[in-house]
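First up is the structure itself, then whatever we jot down about it.
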Amino acid sequence: MTNKLSNPMDTIAAARPFLDRQKNLAIWYAAYAGAEETVRHANPLFCKTFALSLDEILERKRYHLVNPPETPAATIAQYRAEDREAIERGYLLQRSVIEPGQDILVLKLRFDQGILGMFKVINSDLPSANAPTDLDADFRNVMELLRADLTA
């Protein structure tokens, strides 16, 4: 499943410094061997969001261990199903309501040996938040550098 792009950042090792500099996106990388995911990277915002250090996240490895203990098994299964869809299609973009006025945008990209996932919470009351044809600038920045084939 390795990307065979002529991109110097087509592996998680090469992309890690760039991903760590993203201030508005919580980003993680999960490698896949069959149906089993292994979280292999998380940027500082992801770590802060989950109140875990990078070492703790890498130690826990699996979605059901990285997410809060009260996360339902069905939610973890949904995350894995979304990953499989992103692996098959190349990407998955999803927007969900958290509460009135607040949505979460999630983008998952097939990358390296698994999924590069990212999310951010947005104010859905802003007029620009509802533009259906515009991908959020923070997501576009990552896609253009790591998966230009999806933005062409």
Side-chain angles (χ1 to χ4, degrees), residues 1-3 5 7-87 89-124 126 128-129 135-148 150-151:
M1 155 176 26
T2 303
N3 276 340
L5 302 174
N7 181 347
M9 278 200 265
D10 63 356
T11 66
I12 190 60
R16 195 172 281 136
F18 168 74
L19 299 174
D20 286 349
R21 288 191 305 270
Q22 302 308 303
K23 303 289 185 214
N24 298 320
L25 295 173
I27 301 174
W28 76 97
Y29 171 74
Y32 270 83
E36 236 6 70
E37 91 283 354
T38 303
V39 178
R40 296 219 174 133
H41 185 68
N43 77 345
L45 184 55
F46 185 95
C47 296
K48 181 179 176 185
T49 300
F50 284 86
L52 296 169
S53 70
L54 178 58
D55 288 340
E56 289 172 308
I57 289 170
L58 298 180
E59 222 171 78
R60 294 177 185 204
K61 296 182 186 176
R62 304 279 185 266
Y63 288 156
H64 69 282
L65 300 173
V66 171
N67 282 267
E70 66 274 8
T71 305
T75 300
I76 301 299
Q78 174 190 335
Y79 295 160
R80 290 181 177 132
E82 291 170 354
D83 286 3
R84 283 190 300 276
E85 183 178 340
I87 288 169
R89 190 177 3 160
Y91 70 95
L92 176 116
L93 179 62
Q94 186 173 23
R95 180 177 175 167
S96 303
V97 175
I98 297 174
E99 60 185 46
Q102 216 176 36
D103 289 2
I104 185 168
L105 294 175
V106 178
L107 177 62
K108 294 183 176 187
L109 301 173
R110 179 178 55 226
F111 185 73
D112 198 359
Q113 298 295 309
I115 293 298
L116 181 68
M118 53 198 101
F119 67 87
K120 75 187 289 188
V121 175
I122 63 164
N123 178 343
S124 57
L126 296 175
S128 63
L135 182 62
D136 177 87
D138 294 317
F139 290 115
R140 180 167 285 287
N141 182 39
V142 172
M143 283 181 67
E144 286 175 346
L145 192 60
L146 302 182
R147 287 294 311 272
L150 296 175
T151 60

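Just so it is clear, the values below take in all heavy atoms, side chains as well, and ignore hydrogens, waters and symmetry mates.
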Between [X] (side chain only) and [Y] (backbone N and O only), is there a donor and an acceptor less than 3.5 Å apart?
X	Y	value
D112	I12	yes
Q22	F18	yes
E56	S53	yes
K108	Y79	yes

| said: For Y29, give me all partners under ring pair (Phe, Tyr, Trp, His ring centres under 6.0 Å), at least two apart in sequence or on another chain. | reply: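 Partners of Y29 by the ring pair (Phe, Tyr, Trp, His ring centres under 6.0 Å) criterion come out as none, since no residue qualifies.
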| said: Under the rule for ring pair (Phe, Tyr, Trp, His ring centres under 6.0 Å), what residues qualify as partners of F119, not counting sequence neighbours? | reply: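 With sequence neighbours excluded, F119 shows a ring pair (Phe, Tyr, Trp, His ring centres under 6.0 Å) to no residue whatsoever.
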| request: With side-chain contact (heavy atoms from CB on, under 4.5 Å) as the test, would you mind laying out the steps for Y32 and R80 before giving the verdict? | output: CA-CA 10 Å; Y32 270 83; R80 290 181 177 132; 4.1 Å; yes
Nearest 0.5 Å, what's the [atom1]-[atom2] distance between [X] and [Y]?
X	Y	atom1	atom2	value
T11	L146	OG1	CG	10.0 Å
D103	K120	CG	NZ	12.5 Å
K61	T38	NZ	OG1	6.5 Å
S96	I104	OG	CD1	7.5 Å
L65	I57	CG	CD1	12.0 Å
Q94	E85	CD	CD	8.5 Å

| message | Before you tell me yes or no, could you show the steps for D138 and M118 under side-chain contact (heavy atoms from CB on, under 4.5 Å), namely the whole-Å CA-CA distance, both residues' side-chain angles and the distance that decides it to 0.1 Å? | response | CA-CA 10 Å; D138 294 317; M118 53 198 101; over 6 Å; no
| message | Could you go through L145 and N141, starting from their C-alpha distance and side-chain angles, then the distance that decides it, and tell me whether this counts as side-chain contact (heavy atoms from CB on, under 4.5 Å)? | response | CA-CA 6 Å; L145 192 60; N141 182 39; 5.6 Å; no
Donor-acceptor list for residues 66-74 side chains, cut-off 3.5 Å, not counting sequence neighbours:
unit_1 : atom_1 : unit_2 : atom_2 : d
N67    : ND2    : Y63    : O      : 2.9
T71    : OG1    : P68    : O      : 2.8

| message | Let's go through I27 and F46 carefully: what are the C-alpha distance in whole Å and the side-chain angles of both, what is the deciding distance for side-chain contact (heavy atoms from CB on, under 4.5 Å) to 0.1 Å, and is it a yes or a no? | response | CA-CA 6 Å; I27 301 174; F46 185 95; 5.8 Å; no
| Taking the side chain as C-beta and beyond, is there a heavy-atom pair between L116 and L19 under 4.5 Å? |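 Yes, close enough: below the 4.5 Å cut-off.
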